[in-house]
Amino acid sequence: MASLGRRRGVPVSRERGVMAASDCYIVHEIYNGENAQDQFEYELEQALEAQYKYIVIEPTRIGDETARWITVGNCLHKTAVLSGAACLLTPLSLPVEYTRYVALPAGALSVACAALYGISWQFDPCCKYQVEYDSQKLSRLPLHTLTSSTPVVLVRRDDIHRKRLHNTIALAALAYCAKKIYELYVV
């Protein structure tokens, strides 16, 4: 058995990191009654609100639904950022007479995606999590106790910078679009 050392209060093995039990919550796939799916959802909700660093979701259906929900949120975020950047950079790369045909739709898309993200995802505790695929990080988790061979593993990440980025870019795109629309129809 490897000797254990301590780093920041978390037990650490010299061979590989061992995670503290309080950092990880496992939603086990144990069917005891006809309301098992509701129990899984309740456990997941409690784990999200308790803000565990890692959440392992063993039930396939709820794990897949959660991963899809996170993927849609990521897609909205990336679309808001990339379309906003396209809106703001188009005037630098295209002739003036063609700029509005690319910049205005891209700006509208950026604002729409940022608004939808803000309405649907901003207050959801799931938006603080990402699906973990890194096998090195997954090897530190107590996955050997699971009965499922394909659990979904969520890792908590601070998303404040991400939200600031897409909101700032979307607001800049909105300001640019408003200015261009004003110039087109008023001037």
Are [X] and [Y] joined in one hydrophobic group, where the rule is that I, L, V, M, F, W and Y side chains link up if heavy atoms are under 4.5 Å apart?
X: Leu109; Y: Leu116; result: no
X: Leu104; Y: Leu82; result: no
X: Ile119; Y: Val72; result: no
X: Tyr133; Y: Ile55; result: yes
X: Leu174; Y: Tyr117; result: no

Identify the two heavy atoms, one from [X] and one from [Y], that lie closest to each other, and give their separation to 0.1 Å.
X: Asn167; Y: Ala114; value: OD1-CB, 4.3 Å
X: Val27; Y: Pro59; value: O-CD, 3.2 Å
X: Leu141; Y: Cys24; value: CD2-SG, 4.2 Å
X: Ala67; Y: Val152; value: CB-CG1, 4.3 Å
X: Val56; Y: Pro151; value: CG1-CB, 3.8 Å

Nearest 0.5 Å, please: how far is [atom2] in [Y] from [atom1] in [X]?
X: Lys163; Y: Asp158; atom1: NZ; atom2: CG; result: 9.0 Å
X: Ile26; Y: Tyr52; atom1: CD1; atom2: OH; result: 11.0 Å
X: Arg100; Y: Lys180; atom1: CZ; atom2: NZ; result: 9.0 Å
X: Asp124; Y: Leu48; atom1: CG; atom2: CG; result: 7.5 Å
X: Cys127; Y: Trp69; atom1: SG; atom2: CH2; result: 10.0 Å
X: Glu41; Y: Ile57; atom1: CD; atom2: CD1; result: 11.0 Å

| Quick one: which of Leu76, Asp159, Asn74 gives a side-chain contact (heavy atoms from CB on, under 4.5 Å) with Trp121? |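 The side-chain contact (heavy atoms from CB on, under 4.5 Å) with Trp121 is passed solely by Leu76 among Leu76, Asp159, Asn74.
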
| message | Centroid separation under 6.0 Å, is that true for the rings of Phe40 and Tyr31? | response |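 That pair passes the under 6.0 Å test.
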
| Can you tell me if CD on Gln136 sees more than 12 non-hydrogen neighbours from other groups inside 6.0 Å? |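 No.
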
| message | Is it true that, when you exclude Glu183 itself, more than 12 heavy atoms of the residues, nucleotides or ligands shown sit nearer than 6.0 Å to its CD? | response |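 It does: Glu183 CD has more than 12 such atoms within range.
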
Is any side-chain heavy atom of [X] less than 4.5 Å from a side-chain heavy atom of [Y]?
X: Cys113; Y: His166; answer: no
X: Arg157; Y: Lys128; answer: no
X: Gln130; Y: Ile70; answer: yes
X: Leu146; Y: His28; answer: yes
X: Arg162; Y: His77; answer: yes
X: Leu88; Y: Tyr176; answer: yes
X: Tyr98; Y: Val102; answer: no

| Are Tyr54 and Leu154 close enough, and set up right, to give a side-chain contact (heavy atoms from CB on, under 4.5 Å), and what steps lead you there? | CA-CA 6 Å; Tyr54 291 94; Leu154 306 180; over 6 Å; no

| query | Going through the distances and angles, do Arg156 and Gln51 end up as a side-chain contact (heavy atoms from CB on, under 4.5 Å)? | reply | CA-CA 7 Å; Arg156 184 172 171 78; Gln51 301 179 359; 3.5 Å; yes

| said: I'd like to know if the side chain of Gln46 pairs up with that of Tyr25 as donor and acceptor (distance under 3.5 Å, no hydrogens or angles considered). | reply: no

| request: Carefully, step by step, assess Val153 and Val131 under the rule side-chain contact (heavy atoms from CB on, under 4.5 Å). | output: CA-CA 6 Å; Val153 179; Val131 178; over 6 Å; no

| task | Decide, yes or no, whether a salt bridge links Glu132 with Lys53 under the criterion of side-chain N to carboxylate O below 4.0 Å. | result | no

| query | Where the side chain of Ser110 meets the backbone of Ala106, is there a donor-acceptor pair that is under 3.5 Å apart? | reply | no

| Donor-acceptor pair, Glu58 side chain versus Glu29 backbone, under 3.5 Å? |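 Yes, the answer is positive, given that a donor and an acceptor are paired below the 3.5 Å cut-off.
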
| task | Assess whether side-chain contact (heavy atoms from CB on, under 4.5 Å) is satisfied between Ile62 and Thr66, documenting all intermediate values. | result | CA-CA 6 Å; Ile62 193 168; Thr66 304; 4.1 Å; yes

